[in-house]
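Here's the structure, in structure tokens; my notes come after.
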Amino acid sequence: MTHPTPSSPKSITHFDAIIIGAGASGLFCAFHLAERGKSVLVLDHANKAGKKILMSGGGRCNFVNMDVRPEHFISHNPHFVQSALAKFTPHHFMNYVYKHGIGFHEKSHGQLFCDDSSKDILSMLLTECDHHGVTIWLNTKISTINKSDTFTLTTHKDNREHTLSAHSLIIATGGLSIPTLGASGFGYQIAEQFGHQILPTSAGLVPFTFTDHIGAMAKELSGISMDVIAFNDKAQFALPLLFTHRGLSGPAMLQLSNYWQIGEYIHVNLLPHMSAGELLIKHKHTHPKQHIRTALQPYFAKKLLLALESHFWQQHKDSELANIKDKELITLGNALNDWQIKPSGTEGYRVAEVTLGGVDTRDVSSKTFESKLCDGLYFIGEVLDVTGQLGGYNFHWAWASGFACAMAV
Ligand code: FDA
């Protein structure tokens, strides 16, 4: 196997495969390809490989979920993920985690995190790449890509122009989320250059923002977290909600953001394990002199209860339950079980964990990840119109798609 170094200006350095993007999918694909005897060059414009891996899971990288199923992924083409997920399971990835002696623990719902640091996962990937002879060029700008029999790339690195060629070109440039971590729309541009459609992109796994009174309420309650069921007509999640200075966050909101579009309402059940209406009616009979606030006191933090009072039952603030009509208590209960709010937007790509939409998978083979429009061109990872739920699914998609591609090239 060759280990080419930057070429002299006019010469062309050839590789079996060039991968654009030294992130999760690109690195995982790279060493599997090299293991199969291919010469592999990974190019990245960033100064460091795997920046998102380092930032992930609050610095502990939720690198996989032990329960991965197609329904954990969103795509305009829902069946697309099936083949890759069937061929690459969480146990396959765990073999590497064990091999590299990485300590891990399950947080909840099958989510595996590093005991120590996300650095362990990145260093595992880089060690495997190094071991199998993968060449990685960072700080590299790709100016042109042309295709005849092979792909020819003009690149700039260290103030020098380099011309590279490869039989296979693998696009692993990820989505648009967090530009400061290297995200760019370059993968979409390449896809379009070769005739692919890009399905509309938007920020996913992202907090909601509000410009109305809900925003002011969230600010006032900033830091308070509670278990809710967040839902709309497409999905529901029984997880914590977090009030923040900017709006509503926490796992429940991040998950629901994947299924939300601007202009739509979201629903929050603030008392997920009971009918709030029935609870209030029951209290009216057993404690007729109590106020609504007292009846609900066991279920909410004090500050939250007062904020809910001014939002939901201000007119009955000082009324005894006995003096409130059953119908009104039922209406209030329904409102607590189904708080309907309309976000003005999300915090956007600046903080989003993922990007919804991307390269239309209908023009990509679900088995090999090769373009159906251009021989030798492949797309893996988040650049595709495949988005996982919160919980390690997005990394699993990066590993599974990278692996399937590496086996096919
Ligand atoms: P990835 O983004 O990893 O890599 C793309 C690479 O392409 C980058 O290195 C980038 O620099 C490079 N690139 C982009 N444009 C380029 C250009 N023009 N030229 C050259 N190179 C270019 N998921 C999960 O499962 N568990 C988790 O715990 C988390 N946590 C998390 C936290 C945060 C803060 C974020 C932003 C994201 C997560 N994710 C996550 C999501 C996960 O990080 C993401 O889905 C995968 O990294 C996607 O892998 P890819 O290889 O597709 O892209």
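Any value given below was found using the heavy atoms of this structure, including those in side chains, with hydrogens, waters and symmetry copies removed. In this text, all values refer to a predicted model and were calculated from it rather than measured experimentally. In each ligand, atom 1 is the first atom listed, and ligand 1 is the first ligand listed.
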### Message
If I apply the N/O under 3.5 Å rule, does Thr140 come out as touching ligand 1?
### Response
no

### Task
Show which atoms of ligand 1 fall inside a sub-4.0 Å distance from at least one heavy-atom site of Phe186.
17 (C), 18 (N), 19 (N)

### Query
For atom 26 (N) of ligand 1, what's the nearest protein heavy atom and its distance?
Asn62 O, 2.9 Å

### Task
Please work out which of the three classes, parallel, tilted or perpendicular, describes the rings of His213 and His311, given edges at 30° and 60°.
parallel

### Summary
In short, Trp397 meets Gly381 closest at the heavy-atom pair NE1-O, 3.1 Å

#### Entry: Heteroatom distance test (Ser25, ligand 1): nitrogen or oxygen, under 3.5 angstrom
yes

### Message
Check this for me - ligand 1, Ala398, N or O atoms closer than 3.5 angstrom, yes or no?
### Response
no

#### Entry: atom 1 (P) of ligand 1: the protein heavy-atom neighbour that sits closest, reported with distance to 0.1 Å
Gly23 CA, 4.1 Å

### Summary
Closest to atom 39 (N) of ligand 1 among protein heavy atoms sits Glu353 OE1, 3.9 Å

### Query
Do we see a donor-acceptor contact under 3.5 Å between the side chains of Tyr259 and Gln389?
yes

### Query
Taking atom types as modelled and ignoring hydrogens, do the side chains of His100 and Thr127 form a donor-acceptor contact shorter than 3.5 angstrom?
no

### Query
Heavy-atom distance to atom 28 (O) of ligand 1: which of Cys29, Ala352, Gly57 wins?
Gly57

### Task
Please identify which atoms of ligand 1 are closer than 4.0 Å to at least one heavy atom of Gly392.
24 (C), 25 (O), 26 (N)

### Message
Between Asp360 and Arg362 (salt bridge meaning N to carboxylate O under 4.0 Å), is one present in this structure?
### Response
yes

### Query
Does a donor on one side chain sit under 3.5 Å from an acceptor on the other, for Ser165 and His14?
yes

## Note on the structure
Tightest non-hydrogen contact, residues Ser371 and His196, listed as OG-NE2, 2.7 Å

### Task
For the residue pair Thr286 and Lys282, confirm or rule out a side-chain donor-acceptor distance under 3.5 Å.
no

### Query
Tell me, which protein residue and heavy-atom name are nearest atom 20 (C) of ligand 1, and how many Å apart are they?
His45 N, 3.1 Å

### Nearest non-hydrogen protein atom, atom 48 (C) of ligand 1
Glu382 OE1, 3.4 Å

#### Entry: is_close_aromatic(His132, His32), centroid dist under 6.0 Å
no

#### Entry: Residue selection (non-hydrogen contact nearest atom 46 (C) of ligand 1) among Trp137, Phe395, Tyr349
Phe395

### Shortest protein heavy-atom distance from atom 36 (C) of ligand 1, along with the residue and atom involved
Ile178 CD1, 3.6 Å

### ligand 1 atoms in contact with Ala46 (distance to a heavy atom under 4.0 Å)
11 (O)

#### Entry: For Lys52, atoms of ligand 1 separated by under 4.0 Å from a heavy atom
2 (O), 36 (C), 43 (O)

### Query
Below 3.5 angstrom, do we get any N/O pair linking Leu181 and ligand 1?
no

### Query
For Asp44, is at least one N or O under 3.5 Å away from an N or O on ligand 1?
yes

### Task
Would you check whether Ser56 has a nitrogen or oxygen atom less than 3.5 angstrom from a nitrogen or oxygen atom of ligand 1?
no

### Query
Starting from atom 15 (N) of ligand 1, which protein heavy atom do you reach first, and at what distance in Å?
Ser184 OG, 2.6 Å

### Query
Just checking, any donor-acceptor pair under 3.5 angstrom between side chains of His162 and Thr13?
no

### Message
Regarding atom 5 (C) of ligand 1: of the candidates Gly182, Ala172, Gly21, which has the closest heavy atom?
### Response
Ala172

### Task
Return yes when Ala22 approaches ligand 1 closer than 4.0 angstrom through a heavy atom, no otherwise.
yes

### Summary
Looking only at heavy atoms, the pair that brings Ile380 and Cys405 closest together is CG2-CB, 3.5 Å

### Message
How close do Leu256 and Ala235 get, counting heavy atoms only, and between which atoms?
### Response
CD1-O, 3.9 Å

### Query
Where on Tyr393 is there a heavy atom closer than 4.0 Å to ligand 1, on the side chain, on the backbone, on both, or on neither?
backbone

### Message
Which residue and atom name correspond to the protein heavy atom nearest atom 53 (O) of ligand 1, and how close is it?
### Response
Gly174 CA, 3.3 Å

### Ala24-ligand 1 polar pair, N/O distance under 3.5 Å
yes

### Message
If only side-chain N and O atoms count, and only distance matters, is there a donor-acceptor pair under 3.5 Å linking Thr201 with Tyr349?
### Response
yes

### Message
I'd like to know if the side chain of Asn139 pairs up with that of Asn47 as donor and acceptor (distance under 3.5 Å, no hydrogens or angles considered).
### Response
no

### Query
What atoms of ligand 1 come closer than 4.0 angstrom to any heavy atom of Gly381?
52 (O)

### Query
In terms of ring plane angle, is the pair Phe243 and Trp339 parallel, tilted or perpendicular, where the classes change at 30° and 60°?
tilted

